[in-house]
Student: 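Okay, handing you the structure first.
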Protein chains: 2
Amino acid sequence: MATGRTHRPATRSRGIPEATVARLPLYLRALTALSERSVPTVSSEELAAAAGVNSAKLRKDFSYLGSYGTRGVGYDVEYLVYQISRELGLTQDWPVVIVGIGNLGAALANYGGFASRGFRVAALIDADPAMAGKPVAGIPVQHTDDLEKIIEDNGVSIGVIATPAGAAQQVCDRLVAAGVTSILNFAPTVLSVPDGVDVRKVDLSIELQILAFHEQRKAVEEGAGADGAHPAAAPRKESAEQGPDGDVPAVMPA
Amino acid sequence: MATGRTHRPATRSRGIPEATVARLPLYLRALTALSERSVPTVSSEELAAAAGVNSAKLRKDFSYLGSYGTRGVGYDVEYLVYQISRELGLTQDWPVVIVGIGNLGAALANYGGFASRGFRVAALIDADPAMAGKPVAGIPVQHTDDLEKIIEDNGVSIGVIATPAGAAQQVCDRLVAAGVTSILNFAPTVLSVPDGVDVRKVDLSIELQILAFHEQRKAVEEGAGADGAHPAAAPRKESAEQGPDGDVPAVMPA
DNA sequence: ATGTCTTTGTGAACGCGTGCACAAAGATGG
DNA sequence: CCATCTTTGTGCACGCGTTCACAAAGACAT
């Protein structure tokens, strides 16, 4: 994954652990797929496999929501879809603004996953006057000057920042001042926000660096003198439960 | 943040906790900024503030790398940049391929953060024959048919998947079979890979859903009968260490 | 009804990560 | 050379999250 909250004060909202909340969307996706195939019920084992987690974890996660399963049978797919959707707040409409319509911002605007689950792109905002009025993904880009008005008029509480790093904090401040209380940050910066405002960040560069770390680790593990050596075509081992951690032998030659 | 590894088998690579590894890029970024301003040394307190973490945590993180600080003074910026870069494996060149050159793939190809830290876009690959040959970000797109050859010729070990969900697993399988051992997945799917292959995922939809959860929580907390109510312009409280968790009172009316 | 079989829900143990608080280290000034 | 002051490095305790393993619950067959 490429996300992570900036910091977790361990404030377990209402009793649902943060770690569980982060997995609910995963379950929801798997359940939606089952629903589309008209599968009526599913066991924790099956669903866990589909979501790529441990079945015990899944059951414990669901137990925080309530007792929605039937012993000996499993979970009712439709019912669970509804319960999770409700818990995540997806039964209501969430207008979202995207600030910074460059390559990434445009890609996000075009991203289908937005509309699918109650999220609606209410507006696109960019600082470049030349962009103003231009339609991106069918939505005309508006100028940053109108940011506050746009937020208020549309009742936006979720903002997406896709600006260059230098502009991110300033945009963030304006969004927050205008009433936004949740921010998804794609700019490579640490955002400073008041209490009560949630920030989640998506950082490509960080993800790659983490991968590089493990990659380097693998390289020194086996045959220290390897060139760009490809272990290649390792015996395919199906397992829905692998982790990026790689289960490296962890022997370390010295 | 918008990332998260699929699962963490707690395999603490060589003794550096996974949580620490995930923060190293953050420190590196802050240090690089200091370096550019020619700041010679920095204390754990200052650096922690810049990176948005707790100073004790930062010191503990660094202690896993070795004793690189000087008591009473702090850390030498340049030296630390080098040490972290080396630990992350950024002192070497990492050729990367991006598969799926749609809106997102193109945005990633254009993303500057790639080239900056030892990562080099070695090739762009797409399944659409019409795309073949077209330059994106100055790099000609190649067809999926040549995927294996491209991987091997360039010694690629890191692959980025930006295809539609339906194609992701298949692309992943081919990448892995060709020798890729680290994958950054932007497709909304759980990828199944053999042991020894790292997968990190970036999922916009999941991030938004997590934000929506907390947003909904905030909404019901205060004034249950609120419309799209904006608490707006809350007293600005500077704190580099806030978390999206929001410190909600957690009372629940019933 | 009763028994068997499946699957959930959860108590308990364990391990990782975080943060506190302090001793040790070293710089700096007299 | 000694005293003082700053800042690191870390032992320790605590809490969250994960996993195991099992009792309870219910379906289903007889």
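To find a chain, count down the sequence lines: A is the first, B the second, and so on, and within it residues start at 1.
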Student: Identify the residue among Y75(B), Y79(B), Y82(B) that makes a ring pair (Phe, Tyr, Trp, His ring centres under 6.0 Å) with Y68(B).
Tutor: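 In the set Y75(B), Y79(B), Y82(B), the residue that makes a ring pair (Phe, Tyr, Trp, His ring centres under 6.0 Å) with Y68(B) is Y79(B).
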
Student: Rounded to whole angstrom units, what separation is found between the CG atom of L58(B) and the C1' atom of dG17(C)?
Tutor: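 Going from CG in L58(B) over to C1' in dG17(C) covers 15 Å.
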
Student: Can you check whether R86(B)'s main-chain N or O pairs, donor with acceptor, with Q216(A)'s side chain at less than 3.5 Å?
Tutor: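 Between the backbone of R86(B) and the side chain of Q216(A) there is a qualifying donor-acceptor contact (under 3.5 Å).
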
Student: With the criterion being N/O to N/O and under 3.5 Å, what pairs connect the protein with nucleotides 11-13 of chain D, and how long is each?
Tutor:
residue, atom, partner, partner atom, Å
dG11(D), O6, K60(B), NZ, 3.2
dC12(D), N4, K60(B), NZ, 3.2

Student: Which parts of nucleotides 21-30 of chain D does protein reach within less than 4.0 Å, heavy atoms only, written one letter per nucleotide 5' to 3' as B for base, S for sugar-phosphate only and - for none?
Tutor: B--BBSS---

Student: Expressed in angstrom and rounded to an integer, what is the separation of L65(B) atom CG from dG9(D) atom P?
Tutor: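 The distance from CG of L65(B) to P of dG9(D) comes to 10 Å, rounded to the nearest Å.
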
Student: Would you say E36(B) and T32(B) are linked by a side-chain donor-acceptor pair, where the criterion is simply a distance under 3.5 Å?
Tutor: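 The answer is no; no qualifying pair exists.
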
Student: Starting at CG of D61(B) and ending at C1' of dG17(C), how long is that distance when rounded to a whole Å?
Tutor: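 It works out to 10 Å between those atoms.
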
Student: Any luck finding a side-chain donor-acceptor pair between T181(B) and E215(A) under 3.5 Å?
Tutor: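 Yes, because at least one side-chain N or O of T181(B) sits under 3.5 Å from a partner of the opposite role on E215(A).
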
Student: So which pairs with a foot in residues 19-35 of chain A pass salt bridge (Lys or Arg N to Asp or Glu O under 4.0 Å), sequence neighbours left out?
Tutor: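 Applying salt bridge (Lys or Arg N to Asp or Glu O under 4.0 Å) to every pair that reaches into residues 19-35 of chain A, excluding sequence neighbours, yields R23(A)-D61(A), R29(A)-D203(B).
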
Student: Report the distance from atom OH of Y64(B) to atom P of dT10(D), rounded to the nearest whole Å.
Tutor: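 After rounding, the reported distance stands at 10 Å.
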
Student: Where do V42(B) and L47(B) come nearest, in terms of heavy atoms and distance?
Tutor: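 Reported closest heavy-atom pair: CG2-N, 3.7 Å.
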
Student: Between F62(B) (CZ) and dT18(C) (C1'), how many Å, whole number?
Tutor: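 Atom-to-atom, F62(B) to dT18(C), this comes out as 16 Å.
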
Student: Considering residues at least two apart in sequence or located in another chain, which fulfil the ring-ring contact (aromatic ring centres under 6.0 Å, His included) criterion with Y27(B)?
Tutor: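 Scan of Y27(B) (ring-ring contact (aromatic ring centres under 6.0 Å, His included), adjacent residues dropped) gives F62(B).
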
Student: Nearest whole angstrom, please: distance from the P of dT18(D) to the CD of E18(A).
Tutor: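 My rounded result for the distance is 11 Å.
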
Student: From NZ of K57(B) over to P of dT10(D), roughly how many Å is that when rounded to an integer?
Tutor: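 So the NZ-P distance, K57(B) to dT10(D), works out to 18 Å.
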
Student: With Q170(A), which residues qualify under side-chain hydrogen bond (donor to acceptor under 3.5 Å, both in side chains), at least two apart?
Tutor: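 Not a single residue meets the side-chain hydrogen bond (donor to acceptor under 3.5 Å, both in side chains) criterion with Q170(A).
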
Student: Donor-acceptor check, side chain of Q169(B) to backbone of S192(B), threshold 3.5 angstrom: yes or no?
Tutor: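 Yes; at least one donor-acceptor contact below 3.5 Å.
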
Student: Nearest whole angstrom, please: distance from the P of dG19(C) to the CD of E45(B).
Tutor: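 Atom-to-atom, E45(B) to dG19(C), this comes out as 13 Å.
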
Student: Considering just the side-chain nitrogens and oxygens of S43(A), establish if one lies under 4.0 Å of OP1 or OP2 belonging to dT7(C).
Tutor: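 Checking dT7(C) against S43(A), no side-chain N or O comes under 4.0 Å of OP1 or OP2.
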
Student: Of the options dT8(C), dT10(D), dT10(C), whose atoms approach the side-chain atoms of S63(B) most closely?
Tutor: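 Side chain of S63(B) sits closest to dT10(D).
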
Student: Under the 3.5 angstrom rule, does the side chain of S35(B) hit a backbone N or O of L31(B) as a donor-acceptor pair?
Tutor: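 No: the side chain of S35(B) does not pair with the backbone of L31(B).
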
Student: What is the minimum heavy-atom distance between A162(A) and F186(A), and which atoms define it?
Tutor: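 That would be CA-CB, 4.3 Å.
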
Student: Please list, by residue number, the residues of residues 74-85 of chain B whose heavy atoms come closer than 4.0 Å to an atom of DNA chain C; answer none if no residue qualifies.
Tutor: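 Heavy-atom contacts with DNA chain C come from no residue of residues 74-85 of chain B; none.
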
